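See below for the structure under consideration.
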Number of protein chains: 2
Amino acid sequence: MTSTERTPRNTRQRAEVRDAVAANPAFATSQTIHDRLRHEGSKVGLATVYRTLQAMAASGELDTIRTPDGQIAYRTCTPGHHHHLVCRSCGRTVEIDLPGLEATTRRIAGEYGFAEIDHEVEFFGTCSSCA
Amino acid sequence: MTSTERTPRNTRQRAEVRDAVAANPAFATSQTIHDRLRHEGSKVGLATVYRTLQAMAASGELDTIRTPDGQIAYRTCTPGHHHHLVCRSCGRTVEIDLPGLEATTRRIAGEYGFAEIDHEVEFFGTCSSCA
DNA sequence: GATCTTCATGACAATCATTCTCATTTAGAC
DNA sequence: GTCTAAATGAGAATGATTGTCATGAAGATC
C-alpha cells in the first residue's frame, strides 16, 4: 500500500481545503466545503474540492462517512480506529469506541471464509442542542 | 407508525418484483432487479421497481444496505434485527448477530445526550468462492 | 358483471452528487 | 529562469434516483 503513494504538490487550493475542513469539527460534504470557501472569497473550483478531499481521505488525513441520504462527508481525523455518532441535523460528531467489535468481526468473517473484511459502522441521532 | 400504513394493491408488477427479489438471496439494486425482470420478458418500468422496492423496504419486508459505491441494495429479510456480511463481488450475504452492540450504542448515546439513535452497520469482504 | 373511484403504472423528463475532459496554470526539480 | 508533469477550473457528462402526468387496472359498490 505505502509503496504506491505519491506526495501531492502544495498548492494554494489544497491548503485552503485543508484549513476549511479543519475549521469545523462536524462532518461536511464536498459541496459544503466548497460553499464555505467561496463565501470566504476563495476561487477554488468544485471539482478541485472533490479531488482534494478524496485524496486526503485516501491518505488517511480525513475520516469519511456516508450520510443517510448517500452523500459523502469528511472530517479531520483523530488517529486510531474509531466510529462516529453523528447528529442528523447539525453534523456534530462524537468519536466512539466499540471494544470487541473488531475481534467479533474477524471471528465471524473467519467462520464464513470471508477475507479482506472492511466495515462501515456509523450511528446517527439527534444531539441535545438540536432536539 | 402502524396507524399511517396503507395496504398496497396487489398488482402483477408488485408480485413480479417480490418474486424477483425472493429468487436470489444476495443483495441486489433496483436496476439489477429491473434488468432481471426484463430479461425474463416482463414489461415492468424502472420507476415502478424503484417505488416497489422502496415501499417493501419501508414496510419491513426487505432489508436494505448501501453498497460501498453508494447504491441502495435490497434483499428478502429474515425477521429480527441483524447485520450483514456481504461479498463485495458476488453480493452473497451472511446475516450476523452482534450481541451487545445495541446496548453499547444506547449507553453511549445517553452519555452524550443523543436521541433517536439509528445505526448503519455493515461488513464487506470477499467470500471464499470469489477469492 | 358493470361502474366508479382511486391508487399504481410507464415513459420520460428532471435532479443532483459526483466524475470526466481538456485547455491552462503552476509547483518543484534542474 | 526553464522545463515538465501534475494540479486546476469550467463546464460537460454520467448515472442513480425521483418527479410528472396521462393512462390503466384493483377492488369496492351496486
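Proteins come first, then strands; the chains are lettered A, B, ... in the order of their sequence lines, and each starts at number 1. Only a predicted model underlies this, so the values are computations on that prediction, with no experimental measurement involved.
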Collect all protein-nucleotide pairs involving nucleotides 11-18 of chain D in which both atoms are nitrogen or oxygen and the distance is under 3.5 Å.
from, atom 1, to, atom 2, distance (Å)
D:dA16, O5', B:Q31, NE2, 3.4
D:dT17, OP1, B:I72, N, 2.9
D:dT17, OP2, B:Y50, OH, 2.8
D:dT18, OP2, B:Q54, OE1, 2.6

By the rule that ILVMFWY residues connect when side-chain heavy atoms come within less than 4.5 angstrom, directly or transitively, which residues belong alongside B:L46? B:Y50
Tell me, please, which residues at least two apart from B:E61 pass side-chain hydrogen bond (donor to acceptor under 3.5 Å, both in side chains). B:R18
Test item: side-chain donor near acceptor, B:S42 and B:E16, under 3.5 Å: yes
Which of residues 16-25 of chain A sit near DNA chain D, with a heavy atom under 4.0 Å from it? none
Going by number, which of residues 34-45 of chain A have a non-hydrogen atom under 4.0 Å from DNA chain C? none
So for the helix from C:dG1-D:dC30 to C:dC30-D:dG1, with five pairs setting each end axis, what is the inter-axis angle to 10°? 30°
What N/O pairs connect the protein and nucleotides 4-7 of chain D at under 3.5 Å? Give each pair on its own line.
from, atom 1, to, atom 2, distance (Å)
D:dA5, N3, A:R9, NH2, 3.0
D:dA6, O4', A:R9, NH2, 3.0
D:dA6, N3, A:R9, NH1, 3.1

Sequence neighbours left out, what passes salt bridge (Lys or Arg N to Asp or Glu O under 4.0 Å) with A:R51? Give chain and number order. none
Contact interval (first through last nucleotide) of DNA chain C with protein chain A, 4.0 Å heavy-atom: C:dA17 to C:dG28
List in chain and number order the residues that pass salt bridge (Lys or Arg N to Asp or Glu O under 4.0 Å) with A:E111, two or more places apart in sequence or in another chain; answer none if no residue qualifies. A:R107
Residues 13-33 of chain B vs ring-ring contact (aromatic ring centres under 6.0 Å, His included), sequence neighbours excluded, gives B:F27-B:H84
Residue set satisfying ring-ring contact (aromatic ring centres under 6.0 Å, His included) with B:H119, at least two apart, ordered chain then number -> A:F123, B:H81, B:H83
